[in-house]
Amino acid sequence: ETGVTQSPTHLIKTRGQQVTLRCSSQSGHNTVSWYQQALGQGPQFIFQYYREEENGRGNFPPRFSGLQFPNYSSELNVNALELDDSALYLCASSLGRGDEQFFGPGTRLTVL
Amino acid sequence: KNQVEQSPQSLIILEGKNCTLQCNYTVSPFSNLRWYKQDTGRGPVSLTIMTFSENTKSNGRYTATLDADTKQSSLHITASQLSDSASYICVVRGGSNYQLIWGAGTKLIIKP
């Protein structure tokens, strides 16, 4: 176990809805990264938060947004859900921006 | 363009046999290369990390090699066990933004 937790574990939404996924980082870690992993693919980087500020973003539209709280936990929000948003969403925490990432178990999102 | 390519895409071997997974990258400048093991529906777990000056690194039955000149890495699994069934992902940190570039992974199935 990495000490990184994510909730919920599974989620089913319909097109157009909004979703919020949550991540608690490992104790002492101030950096959280979010990834989207489609079936059979490697994880795709969405964005990273360092000390409550966005610190890098992948090729995802603005309807993917995030937050990091003072305790370094984080949220990923996705608006106007599309069918292609169905994927495993992974959160990873690290001591710093370039340090080893420890992954949570993921949230499986299904959009119908 | 910074890319990481893995081969084969999938592999089936019998329990007890050895296997080798390949990773080729075009990332420049190069910082480090990490191999992850990802069980189905779970987050990736780091197996090894290798920097420019390291040629070989072992973690139990897993041995990673790195040839920085040819930009190739391999992961060798010895005496495979059923629990080795997973996806193995190669990730390179580098590029102008010191980013993580993920491969698509090799899906390994161990049969009894």
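A note on names: the letters A, B, ... follow the listed sequences, proteins ahead of strands, and every chain is numbered from 1.
- With rounding to the nearest 0.5 angstrom, the CH2 atom of Trp102(B) is 5.0 Å from the OH atom of Tyr35(A).
- Under a hydrophobic-cluster definition in which Ile, Leu, Val, Met, Phe, Trp and Tyr are linked whenever side-chain heavy atoms come within less than 4.5 Å, directly or via other members, Leu75(B) and Val92(B) are assigned to the same cluster.
- In Gln3(B), the CD atom is crowded: over 12 heavy atoms of neighbouring residues, nucleotides or ligands sit closer than 6.0 Å.
- Enclosure of atom CZ in Phe69(A) by more than 12 non-hydrogen atoms of other residues, nucleotides or ligands within 6.0 angstrom is indicated.
- Leu109(A) and Val32(A) fall within a single hydrophobic cluster, where Ile, Leu, Val, Met, Phe, Trp and Tyr are joined by side-chain heavy atoms under 4.5 Å apart, directly or via other members.
- Heavy-atom pairs under 4.5 Å with chain A peak, among Pro44(B), Ser31(B), Gly43(B), at Pro44(B).
- In terms of heavy-atom pairs under 4.5 Å with chain A, the best-connected choice from Gln6(B), Gln38(B), Gln99(B) is Gln38(B).
- Using a 4.5 Å cut-off between heavy atoms, Gln101(A) touches chain B through backbone and side chain atoms alike.
- When the side chains of ILVMFWY residues are joined at heavy-atom separations under 4.5 Å, either directly or via intervening members, Leu39(A) and Tyr88(B) end up in two distinct hydrophobic clusters.
- Comparing Gln48(A), Arg108(A), Arg97(A), Gln37(A) by how many heavy-atom pairs each has under 4.5 Å with chain B, the most go to Gln37(A).
- Phe102(A) does not touch chain B: none of its heavy atoms, backbone or side chain, sits under 4.5 Å away.
- With a threshold of 4.5 angstrom between heavy atoms, Arg93(B) approaches chain A through side-chain atoms but not through N, CA, C or O.
- In the hydrophobic clustering of ILVMFWY residues, with side-chain heavy atoms under 4.5 Å counting as a link, Phe47(A) and Tyr89(A) come out together.
- Put simply, Leu76(A) and Phe103(A) are part of two different groups of oily side chains (I, L, V, M, F, W, Y) that touch within less than 4.5 Å, one to the next.
- Using a 4.5 Å cut-off between heavy atoms, Leu100(B) contacts chain A through its side chain alone, with no backbone atom that close.
- Annotation: side chain of Ile89(B) is in contact with side chain of Pro43(A) (closest heavy-atom distance under 4.5 Å).
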